[in-house]
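Presented below is the structure to which this report refers.
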Amino acid sequence: MQGPDVVWYLVVAALLFSIGTAGVLLRRSPLIVLLSLEIMLNSANLALISFARHHGNHDGQIFALAVMAVAASEVVVGLGLIVAIARRRLDLDVDRLRMLRG
Amino acid sequence: MIAGAWLCLLAPLAGALTITLLGQASSRRTAAWISTVSVFTAFGGAVAAFIGLLGQGHEEREVVTSAWTWLATPNFQVDLSLLVDPLSVTMMLIVSGVGGLIVLYSIGYMDGDPEERRYFAYMSLFVFSMLLLVQAGNFLLLLAGWGLVGLASYLLIGFWHERAEAVAAAKKAFVMNAFGDATMALAFFVLIWQTGTLDFQASFEGAGGLSQTAVNLVALGLLGGAVAKSAQIPLHTWLPDAMEGPTPVSALIHAATMVTAGVYLIVRAHPIFELAPSISDLAAGLGAITLLVAGLVALVQTDIKRVIAYSTMSQIGYMFLGAGLGAYGNSMFHLMTHAFFKALLFLAAGLVIHHLANEQDIRRMGGLRRVLPRTYIAFLVGSLALVGIPPLSGFFSKDSILASALASGGYGQILFVAGLVGTLLTGLYTFRLFFIVFLGEPSPLVAEHSSGHAGGHGHGEGPWTMTVPVAALTVLAVIGGWVQIAGVWHPFGEWLDPIAVGREHLALVEPSVVQDYVTSALAVGLGLLGMLIAWTLYGARTRPVPRNAALQETLEHKLWFDELYDLVFYRPAVLLTRGFRRGVEQPLIGGSISGVTLGTRGTAGAVGDAQTGYLRSYALVIALGVAVLVVVFITVQ
Amino acid sequence: MTTALIILPLAAALVVWLLPLPGRAVGSLALLAALAEVALWAVAVGGFDFERGLQLQDRQSWFSDLGVSYHVGFYGFSLFLAGLTVVVCTIAIAYAVWAGGDRGRAYHGLLLFLMGAIVGVFTAQDLLVFYAFFEAMLIPIYVLIGVWGGPRRLRATATFVIYTMAGSLLMLASIVVFGLSQDTFSLVDSGVSSNDWVFLGFLVAFAVKAPIFPFHGWLVDAYRESPPEVAAILSGVVSKAAVYGLLRIVIAKFPEPVEQYQAAIIAFATVGLIYASVLAFRAPDIRSVTAYSSMAQMGLIVIGLFSLNELGISGAIVQSVAHGLVSAILFLLAGMVEARTGTSAFVALGGMARGRPVLATLLMTTGIIALAVPGSVAFAGEFLILAGIYGVGWGWAAVGAAAIVLAAMYMLRLISAVLHTPRGIDALEDTPDVRRYELAILVPLVALLLVLSAWPASISERAFPLIADGQETEAAP
Amino acid sequence: MIPTPKVDWLALAPTLALLGASGTALLGSVLVPWWMRRVFTAFVAFAGFITAGVFAAVVFDESADGRSLIAESFTRDRLGALAALIVAGAGALTVLVSWGENRRDHVGEYYALLAAAGAGMVFFVTASNLMTLFLGLEWFSIALYVLCAMDTHREESLESGLKYLIVGAFGSAVLLFGSALVYGATGEIGFSEIAAAGAGDDVLLLAGLAMLIAGLGFKASAAPFHMWTPDVYQGAPTSVTAFMSAATKVAALVLTLRLLVVGFPDQEHLWTVAIAVIAIVSLAVGNLAALVQRDVKRLLAYSSVSHAGFMLIAVAANNELGGRALLYYLIPYGAMSIGSFAVVAARERELQAPVTLENLGGLGWERPFLGAAMWVFMLGFMGMPLTGGLIGKFYVFSAAYEAGWWWLIVAGVIATAISLYYYLGIVRALYVRPAAALEPAVAGGSPPLDPLLHTAVFLSVGVTIGSFFFVQPLIDVARDAAASLPF
Amino acid sequence: MGDFLVWVVWFLAAAGCLGSGLAVVTFTNPFFSALALIGNLGSLAVLFLLASAEFLAAAQVLVYAGAVMVMFLFVIAYLGDRSKGIAGGPSWVRVGAVVAASALLVEIVVVIGMAAGDRLSDPADIQRSFGSPEEIGRLFLTDHLLAFEITSIVLLVAAVGGVVLGSRSRAEDELEEAEAARAGA
């Protein structure tokens with residue numbers, strides 16, 4: 001089964017990575033920022049997996065699997081934090097969180 | 001002999017220290033007596049040294065004694081050493097002898113001043129310093145004494161420190177002398193680097209091998225010091241102002257001893273001056289100019305002490321003239337007699353001032369002859385000696401200098417003429433003063449002080465402590481010149497011989513007897529002429545005093561020297577200070593600090609502002625950082 | 001021995017800080033420790049052979065991979081600088097006891113610490129040890145000025161510390177480069193270097209410390225805002241760290257660059273000398289005059305050092321000691337005057353001599369020694385310095401000699417403005433004279449000056465041999 | 001039957017000790033009665049750190065020759081052991097500092113997470129492939145995210161947690177993508193295998209390297225990846241800040257050194273310059289921004305940025321001396337960091353308010369010990385004598401010189417000069433400012449003396465000063481540790 | 001033929017992946033964004049499959065789309081409608097964001113392009129079992145044992161963190177009581 005070679009995958013990964021980056025940098029809702037981070041991590045996963053296929057070794061796949069778990073962990077903590085913030089009746093807007101600056 | 005020398009040096013120092021350390025523990029009188037005794041002890045030491053030296057043959061009359069090494073580096077050494085030779089012993093005798101008399105006089109003069117202790121401590125310090133100067137066995141120690149006498153002079157001129165003029169005068173004296181110190185120091189540097197030593201003998205010997213430029217530099221430096229210390233033009237302006245000090249101070253420091261140190265220096269360093277004839281001529285020329293200028297300025301002064309001060313300048317001018325021409329013995333001779341009669345004049349003037357409760361303006365004086373008859377006589381003797389009327393001391397010494405000038409070739413003869421003119425001026429200004437102060441009817445001021453206080457509380461002609469020294473000096477002023485009579489006997493010259501004339505290889509001025517007599521006739525004649533004019537104008541008042549506004553003003557302003565120095569040195573210095581402060585210190589030094597501070601703070605503020613608190617901007621900076629890093633890495637590889 | 005000299009004050013400082021003693025006892029303890037230090041120094045002098053180089057050494061490897069060791073010891077000249085340190089610091093502590101400020105434990109402890117650090121500087125034979133002590137001096141000074149100083153102390157301390165630290169950090173860079181290129185940081189084992197940049201790093205550090213024009217921006221504020229005894233130490237002793245550094249490091253280790261930059265350095269020092277003298281002449285208060293005069297004197301000392309002949313260098317050492325004592329006395333006197341009148345500004349002073357003979361005598365004596373009246377120890381120093389620099393160029397000597405005249409002008413102005421002329425508004429009739437205890441503080445210093453004036457050779461002929469074999473400077477004629 | 005690999009338990013012992021402590025504390029937070037929960041969990045955590053430290057010491061002693069284990073998952077060598085030791089020490093001190101916080105909620109979880117974070121770092125410094133690197137990083141990061149946000153009643157804490165989390169996750173994502181690129185270029189994830197793959201100047205590898213540097217720079221708070229640092233340090237509970245400032249830096253810097261030296265020797269010409277530039281930017285930004293701070297925690301945060309710059313100079317030197325310098329520097333730096341934040345914590349508890357330069361006023365006189373200690377720490381940060389800070393800077397400069405980077409020395413010098421101003425500002429606040437304007441502590445006077453915190457401060461002072469006097473033993477250790485890397 | 005089908009599927013998946021990714025970033029409502037992310041993850045799983053990562057594709061669907069996204073949606077539902085637009089913040093952040101994102105894109109694409117003709121041109125031969133659960137599982141128990149264990153620890157830590165942050169604390173209660181009291185007064 002021959003499909004597109006690794007370069008195609010990588011281009012998709014690159015596009016996803018920048019989409020994710022743009023999301024993190026542009027969105028004010030912490031929820032969407034978290035989602036964008038997931039996209040970034042997944043783009044890396046895509047790259048890892050395609051490289052694993054390209055090199056024919058499993059390290060990339062294992063790595064990607066670990067990344068999934070890590071991504072899940074980040075989400076858990078992130079959501080917990082968002083819940084905590086929401087519980088304090090604070091605006092869910094990363095731009096409003098700027099008591100600390102200067 | 002050596003012990004005598006050390007005793008002579010240290011007794012006054014001990015006196016000064018004792019008075020200082022005792023402080024309030026001693027009464028004011030005690031302090032005065034401690035000082036007097038210490039100075040007379042010094043005189044005793046000097047006499048002992050004198051006798052000791054007399055007992056030696058001519059060639060052995062040069063003894064150096066060292067206490068310890070004063071300053072040393074591995075290859076350069078200066079000892080704390082005294083030189084006892086006829087020249088220094090002469091000076092020791094003059095300094096301690098005249099000094100003792102004047103300190104004794106001060107007991108009466110300063111009686112009642114609240115800070116008498118300080119006065120006497122300073123006086124002792126001065127005598128010590130002056131003795132250090134004349135006994136020093138090397139140039140550096142001489143410079144030490146040189147500086148210390150300047151210091152003592154400063155302290156004593158400014159003794160009445162509440163008076164702004166006195167303080168200013170003291171500072172002026174010190175600073176001008178510091179200038180002289182500096183030029184001397186430069187001369188010593190040349191000696192150190194060229195000869196490796198500052199000992200008199202060794203450096204004189206070493207100086208023989210130096211280039212003419214080097215010798216000239218050394219001589220010039222020494223001359224700078226001498227000129228400053230002896231108030232010769234152009235560094236003379238401090239001396240008249242120094243009259244702000246108590247009168248005995250003027251007598252001791254600014255007439256008898258310290259101001260003549262310049263002459264002593266030239267005589268002491270004569271081997272160097274002989275190697276630098278042009279500088280010697282310069283010294284003689286400066287002396288001549290000074291004696292004329294001072295004589296002229298003295299004509300218009302109205303302060304009794306200032307008149308005498310200018311006369312001092314003038315007389316030292318003679319000594320410079322003589323020393324510059326190589327007549328060292330004659331200069332020293334005049335130095336000695338001048339010490340007697342000038343001290344006498346000052347002390348007599350002090351009696352007058354003391355009597356008139358510190359009034360010094362001669363325009364308010366007159367007719368003191370009747371009030372102070374003994375003072376009158378003393379003053380008259382002093383004045384006659386100053387003018388050089390035989391057989392008083394000044395006659396012999398001044399004429400010997402003029403005769404030497406006459407014998408010194410063309411340049412000497414020009415100076416000879418100047419000296420003669422000076423004699424005329426001397427007669428004129430001396431007796432102008434004398435006639436105004438003592439003759440005529442008592443002025444209101446004099447009358448007031450004579451009637452009300454006669455025999456009252458120690459005014460009159462003063463207590464014995466004051467009159468005895470005056471009497472002694474009167475006698476000395478009369479007989480002081482008899483130790484050397486041209487063509488008859490020369491014990492003084494022979495005494496100084498090993499120093500002044502003992503070196504065969506040096507040509508020395510030795511006037512013939514004829515020249516001596518011609519000079520005497522001319523000088524006495526001119527002196528008498530001066531006195532006659534003075535009589536006409538001020539004594540008998542048969543003629544009005546001729547006036548020339550411009551000349552008068554010029555003389556009253558002392559030829560504008562003060563103004564010139566103000567313009568050339570003081571004002572630029574002030575401007576420089578202001579320029580430094582406003583142009584460098586504040587804008588550059590201070591400004592650079594504030595500038596850097598402000599700049600850093602500004603940048604820091606900007607960096608702080610970049611930390612906006614927007615979470616997204618933090619991520620953005622990371623993203624940009626990564627982007628830049630990647631670009632750099634893949635392009636540079 | 002040397003280590004004991006360093007440790008004693010430091011240990012005393014610790015004791016003073018840690019023991020909860022009452023105020024009086026603290027002062028006495030500190031003073032006692034300081035006196036013991038003086039005694040220890042005297043013992044060190046007794047055991048010192050002035051004919052030889054480095055002695056009383058203590059050496060202990062500190063970290064070997066870079067060749068750094070704790071190495072201290074004395075040369076003849078550093079022994080004198082250390083003596084100056086212990087004497088002035090002891091007197092400063094005595095003064096502090098007299099002045100009796102608040103928080104005595106901290107204060108006395110800091111003074112003792114400072115003392116130990118300065119002694120350390122003068123004995124260091126390893127570059128890093130030197131740097132450590134050099135910087136350690138700053139720590140107590142910062143607090144001493146910052147906490148107990150005058151109203152503008154904050155600015156003064158910030159400027160002072162940052163200025164000097166900037167200089168010494170450059171020195172640290174130079175030390176690193178020098179030490180690594182030599183494979184050792186020992187001043188004894190290392191050879192010479194001809195690296196201009198390294199040389200300049202050291203030079204700038206010491207130029208700031210001295211200070212030499214134009215690195216003197218910290219000077220006046222620091223001296224004016226310090227407590228008097230701290231100003232005394234600062235100008236009298238701390239500035240001498242620059243002398244030690246210049247002599248022990250710059251001149252000894254960088255013969256080539258020194259020769260190359262000699263004229264420039266002398267020129268800067270000379271400019272500073274004249275510049276500071278001129279500014280001192282119009283400065284408005286005792287402390288400013290003393291501050292600028294210190295700067296002028298340091299300029300002179302640097303001139304002496306960079307004459308690179310034995311006359312100039314001996315003179316610099318003599319002058320270092322003389323100036324250390326003189327400026328210490330002047331600052332302490334300024335402090336006493338301030339304690340009486342609340343000011344040291346000339347406009348408010350004057351006429352203090354009348355009825356206050358002791359004060360007058362002390363100030364007068366110190367002042368005239370400060371202006372190097374011939375015959376004084378300061379004169380001896382200046383004479384040697386100028387004689388030394390004359391060998392380099394007569395023009396320098398002439399300018400230096402002119403500075404003597406300027407010194408006379410500003411010092412006499414100071415004396416008159418305080419003691420003479422009509423009474424100032426703050427110099428009241430009943431302002432007391434110097435009292436017995438104060439006298440006991442000042443007299444030792446003044447007496448020392450007088451003794452040294454009678455015998456300056458005690459220092460000048462013992463300042464050599466300077467540095468270890470083969471590194472002596474060229475001899476005079 | 002799958003043959004399980006042989007596990008070197010000793011090498012893992014420090015990590016396992018802390019993990020065990022974390023687990024025990026976690027259990028304790030549920031099972032132990034509330035009144036002794038704090039005592040129990042704190043003790044367990046403390047014991048865990050101490051045990052980890054002891055194990056690390058043993059590992060250090062027994063690992064003269066480093067070797068990588070389990071298919072190059074991690075390495076047993078002295079570098080890792082020493083770093084683990086420092087982290088463990090920092091953690092133990094942090095426990096002491098934390099005690100007095102009187103945390104009422106989640107106290108057990110707090111200590112559990114602290115131990116877990118410590119475990120993550122202790123593991124992280126031994127990581128030797130990109131995957132364990134990433135995992136270790138996330139391990140302690142996630143624990144730290146939670147710790148930062150743990151004071152859920154304080155908005156600052158929440159804000160700092162969220163900022164740390166999002167920016168941190170972003171940074172991890174970058175690092176991850178970089179790892180992927182490196183993997184793509186070489187087909188390997190082990191550091192030494194990457195080097196051995198000989199990818200040379202492959203652009204994929206270079207781009208990946210750039211991203212890895214950015215990601216690690218983020219953790220080390222090196223500018224320009226530092227911007228989270230001040231906000232997070234300021235908002236987080238102070239004891240957590242103390243831990244982060246010391247331990248995270250140790251972990252991140254040591255691993256940066258390991259990764260770059262082991263994994264990218266062929267790209268040395270690129271990354272040394274990059275690290276050098278980052279170091280300079282960190283020095284500049286950290287010091288300048290610190291100048292204008294009023295909040296002491298924030299100020300110290302910027303100061304930690306600048307110190308990251310200093311230590312990166314040692315990394316940039318890329319020589320054995322640099323490794324030594326870094327490892328030495330970390331010891332006094334860690335102590336000073338924890339110590340200074342501990343003092344801030346003490347003041348904070350006393351005032352019940354954030355500590356600013358203003359309300360630090362007079363601390364030096366009111367609390368002589370804390371004041372003197374803070375003074376020592378500031379001197380250490382400045383690099384003044386009597387503290388290891390001086391020796392640290394000295395070594396860093398030496399390393400830079402040996403690498404030929406004289407301009408890094410100059411930059412360091414200028415930066416230090418600037419830093420004086422704010423460090424002295426703190427000293428000035430301690431001693432110079434009058435305490436008159438000070439708001440008194442809450443009613444009832446000052447809180448009781450906190451012996452544990454004082455002990456921590458005392459130990460920090462001891463390390464700070466001791467590292468000045470006893471350089472030789474420390475530098476021997478650092479040299480042995482640095483010798484693990486193939487310079 | 002098989003290849004063509006693979007290409008079609010690949011393109012569809014890639015397009016879906018990118019489109020849903022864009023949707024995640026552009027939707028204002030987090031709920032829709034989350035849904036879009038599920039699509040994104042799903043299409044990624046297809047790509048994984050095409051890249052011979054069967055086990056991962058499965059895991060992706062199960063773990064991610066299944067577990068994580070459910071949690072996401074749950075939280076979003078709990079928080080209610082909190083739509084936030086793209087706009088806001090300083091404009092330089094927005095401009096910078098676009099610049100940075102596109103710069104990274106361009107760079108990575110360029111890098112890939114440069115590498116394409118070089119290292120990435122020649123894929124390795126793989127066996128059929130490549131990416132199978134057996135292979136992955138074996139590696140997880142041998143070479144990558146440690147990674148496996150650590151993954152679990154990370155998850156555990158995160159779980160604890162989630163609990164800690166998600167639950168109310170006493171301090172918060174007191175704060176709210178105080179606020180309420182103040183509001184009441």
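Below, chain A is the first sequence line, B the second, and so on; all start at residue 1. Worth knowing before you read on, the calculation uses all heavy atoms, side chains too, and leaves out hydrogens, waters and symmetry mates.
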Measure C:Leu419 against the heavy atoms of chain B and call it side chain, backbone, both or neither at under 4.5 Å. backbone

Can you tell which of C:Glu382, C:Met409, C:Arg155 has the highest number of heavy-atom pairs within less than 4.5 Å of chain B? C:Met409

Mind telling me whether B:Phe188 and B:Phe139 have parallel, tilted or perpendicular rings, with 30° and 60° as the class edges? tilted

With a 4.5 angstrom heavy-atom cut-off, is it the side chain or the backbone of C:Phe281 that approaches chain B, or both, or neither? side chain

Heavy-atom contact with chain B under 4.5 Å, split by part of C:Leu384: side chain

Criterion side-chain contact (heavy atoms from CB on, under 4.5 Å) against B:Leu133, the qualifying member of B:Leu143, B:Val149, B:Leu148: B:Val149

Does C:Ala283 offer a backbone N or O that forms a donor-acceptor pair with the side chain of C:Arg413 under 3.5 Å? yes

Heavy-atom pairs under 4.5 Å with chain C - which of B:Val584, B:Thr183, B:Val574 has more of them than the others? B:Val584

B:Ile19 CD1 to B:Leu22 CG distance, which is reported to the nearest 0.5 Å: 8.5 Å

Leading residue by heavy atom contact count with chain C [cutoff under 4.5 Å; candidates B:Trp146, B:Phe179, B:Trp68, B:Phe76]: B:Trp68

Mind checking the CG-CZ spacing from B:Leu131 to B:Phe126? Nearest 0.5 Å is all I need. 9.0 Å

Any side-chain heavy-atom pair from C:Ser288 and C:Tyr223 closer than 4.5 angstrom? no

Answer with side chain, backbone, both or neither: which region of B:Glu585 has an atom nearer than 4.5 Å to a non-hydrogen atom of chain C? both

Relative to each other, are the rings of C:Phe379 and B:Trp70 parallel, tilted or perpendicular (30° and 60° limits)? tilted

Residue from C:Val373, C:Asp221, C:Val318, C:Leu386 scoring the most non-hydrogen pairs under 4.5 Å with chain B is C:Leu386

Tell me, side chain or backbone of B:Leu588 under 4.5 Å from chain C's heavy atoms, or both, or neither? neither

Please check: side-chain N/O of C:Asp433 versus main-chain N/O of C:Leu359, any donor-acceptor pairing under 3.5 Å? yes

Can you tell which part of B:Phe569 gets under 4.5 Å to a heavy atom of chain C, answering side chain, backbone, both or neither? neither

Checking heavy atoms, do the side chain of B:Thr195, its backbone, both or neither come under 4.5 Å from chain C? neither

Would you compute the distance between atom OG1 of B:Thr73 and atom CG of C:Asn309 and round it to the nearest 0.5 angstrom? 8.5 Å

From the list C:Ala408, C:Ala158, C:Gly391, the residue making the most non-hydrogen contacts under 4.5 Å with chain B is C:Gly391

Using atom types as modelled and distance alone, determine if a side-chain donor or acceptor of B:Trp238 lies under 3.5 Å from a backbone N or O of B:Ala228. yes

Proximal component of B:Val596, with respect to chain C [non-hydrogen, under 4.5 Å]: neither

Please classify the contact of B:Arg118 with chain C as side chain, backbone, both or neither, using a heavy-atom distance under 4.5 Å. neither

Can you tell which part of C:Pro357 gets under 4.5 Å to a heavy atom of chain B, answering side chain, backbone, both or neither? side chain

Which answer fits B:Val175, side chain, backbone, both or neither, if we ask what part of it has an atom under 4.5 Å from a heavy atom of chain C? both

Under 4.5 Å heavy-atom distance to chain C, tell me which part of B:Leu17 shows up: side chain, backbone, both or neither. neither

Are the aromatic rings of C:Phe80 and C:Phe50 close, with centres under 6.0 Å apart? yes

Could you tell me which portion of C:Ile459 (side chain, backbone, both or neither) has an atom closer than 4.5 angstrom to a non-hydrogen atom of chain B? neither

Chain C shares the most heavy-atom pairs under 4.5 Å, among B:Ala121, B:Ala182, B:Pro74, with B:Pro74

Choice from C:Gly217, C:Ala401, C:Gly355, C:Ala387 maximising heavy atom contacts with chain B below 4.5 Å: C:Ala387

Contact class of C:Phe215 relative to chain B, heavy atoms under 4.5 angstrom: neither

Check for a donor-acceptor pair, side chain of B:Ser129 on one end and backbone N or O of B:Gly145 on the other, with a separation under 3.5 Å. no

What about B:Phe189 and C:Phe383, are their ring centers closer than 6.0 Å? yes

Do you know which of C:Ala454, C:Gly350, C:Ser376, C:Ala397 has the most heavy-atom pairs with chain B at a distance under 4.5 angstrom? C:Ala454

